[in-house]
Trainee: 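Handing you a structure now.
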Amino acid sequence: AQSVSQHNHHVILSEAASLELGCNYSYGGTVNLFWYVQYPGQHLQLLLKYFSGDPLVKGIKGFEAEFIKSKFSFNLRKPSVQWSDTAEYFCAVTSGYSSASKIIFGSGTRLSIRP
Amino acid sequence: GAGVSQSPRYKVAKRGQDVALRCDPISGHVSLFWYQQALGQGPEFLTYFQNEAQLDKSGLPSDRFFAERPEGSVSTLKIQRTQQEDSAVYLCASSLESTRRKETQYFGPGTRLLVL
């Protein structure tokens with residue numbers, strides 16, 4: 001069965017620090033990878049997605065992620081975080097070629113930014 | 001344009017009560033998903049509709065959970081005889097269905113259910 005692991009439960013950084021959130025998935029076939037963000041009091045929003053092509057994906061608000069197939073990883077990065085990046089971040093995966101696939105989410109990483 | 005909307009946003013139920021949660025997907029979206037998000041966890045899949053057809057209900061935790069989408073737009077998730085372990089945020093998501101490209105799921109704000 002597919003699964004997604006996010007190793008960091010809670011990350012605390014100062015403003016302007018660099019960010020990397022780890023994500024590993026287990027599935028041997030074709031995967032589609034996502035990072036979703038949930039700001040306090042708001043609904044889940046898509047940060048970025050990888051379907052195919054260039055493994056370095058750029059998303060909104062300066063976030064990027066790199067798909068490393070050999071490591072089954074899709075880590076999220078941002079060179080310089082802001083206080084407004086405080087949120088819960090979820091790595092997620094769907095399988096196959098259908099857009100109608102259920103999403104498997106990781107347990108989330110809570111990011112707290114000190115002003 | 002309008003996103004996915006859900007109602008009510010908050011629901012408090014006494015144990016044993018039945019509840020109904022509503023989801024209005026984005027207009028024109030064929031696919032509709034329900035997820036359950038327990039406190040401190042990521043969302044977990046419950047069920048999936050393509051138009052009015054329920055194609056996957058493998059994630060429904062028990063036969064107390066029932067979902068429908070009779071006209072292929074609005075969907076209702078019903079929980080009968082609620083129990084405390086049903087307390088969670090229930091998320092609805094919708095997406096276009098396309099054979100030409102992969103589409104993204106868009107999430108609603110969720111309904112926070114508390115069973116006392």
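Here is how names work: the chains are called A, B, and so on, in the same order as the sequence lines, proteins then strands, and each is numbered from 1.
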Trainee: Evaluate whether atom CD of B:E44 has more than 12 neighbouring non-hydrogen atoms of other residues, nucleotides or ligands under 6.0 angstrom away.
Mentor: no
Trainee: When rounded to the nearest 0.5 angstrom, what is the spacing between CD in B:Q105 and CZ in A:F34?
Mentor: 7.5 Å
Trainee: Checking B:L91 against chain A: side chain, backbone, both or neither under 4.5 Å from a heavy atom?
Mentor: side chain
Trainee: Please state whether the side chain, the backbone, both or neither of B:Y106 comes within less than 4.5 Å of a heavy atom of chain A.
Mentor: neither
Trainee: Against chain B, label A:L46 side chain, backbone, both or neither, depending on which of its atoms sit under 4.5 Å from a heavy atom there.
Mentor: side chain
Trainee: Is B:Q37 in contact with chain A via its backbone, its side chain, both, or neither, using a 4.5 Å heavy-atom distance?
Mentor: side chain
Trainee: Sort A:Q6 into side chain, backbone, both or neither according to what part of it lies under 4.5 angstrom from a heavy atom of chain B.
Mentor: neither
Trainee: With a 4.5 Å limit on heavy-atom distance, are the side chains of B:F33 and A:I103 in contact?
Mentor: no
Trainee: Near A:H9 NE2, under 6.0 Å, is it more than 12 heavy atoms from other residues, nucleotides or ligands?
Mentor: no
Trainee: Would you check if the side chain of A:Y36 reaches a backbone N or O of B:F107 as a donor-acceptor pair within less than 3.5 Å?
Mentor: no
Trainee: Report yes if the side chains of A:F90 and B:P43 come closer than 4.5 Å at any heavy-atom pair, otherwise no.
Mentor: yes
Trainee: Hydrophobic clusters here meaning ILVMFWY residues chained together by side-chain heavy-atom distances under 4.5 Å, can you tell me if B:W34 and B:V89 are in one?
Mentor: no
Trainee: Just wondering, are more than 12 heavy atoms of other shown residues or ligands nearer than 6.0 Å to CG in B:L39?
Mentor: no
Trainee: Sort by residue number and list every residue of residues 53-76 of chain B having at least one heavy atom under 4.5 Å from chain A.
Mentor: B:D56, B:S58
Trainee: Assigning hydrophobic clusters by single linkage (Ile, Leu, Val, Met, Phe, Trp, Tyr; side-chain heavy-atom cutoff under 4.5 Å), is B:I79 placed with B:Y48?
Mentor: no
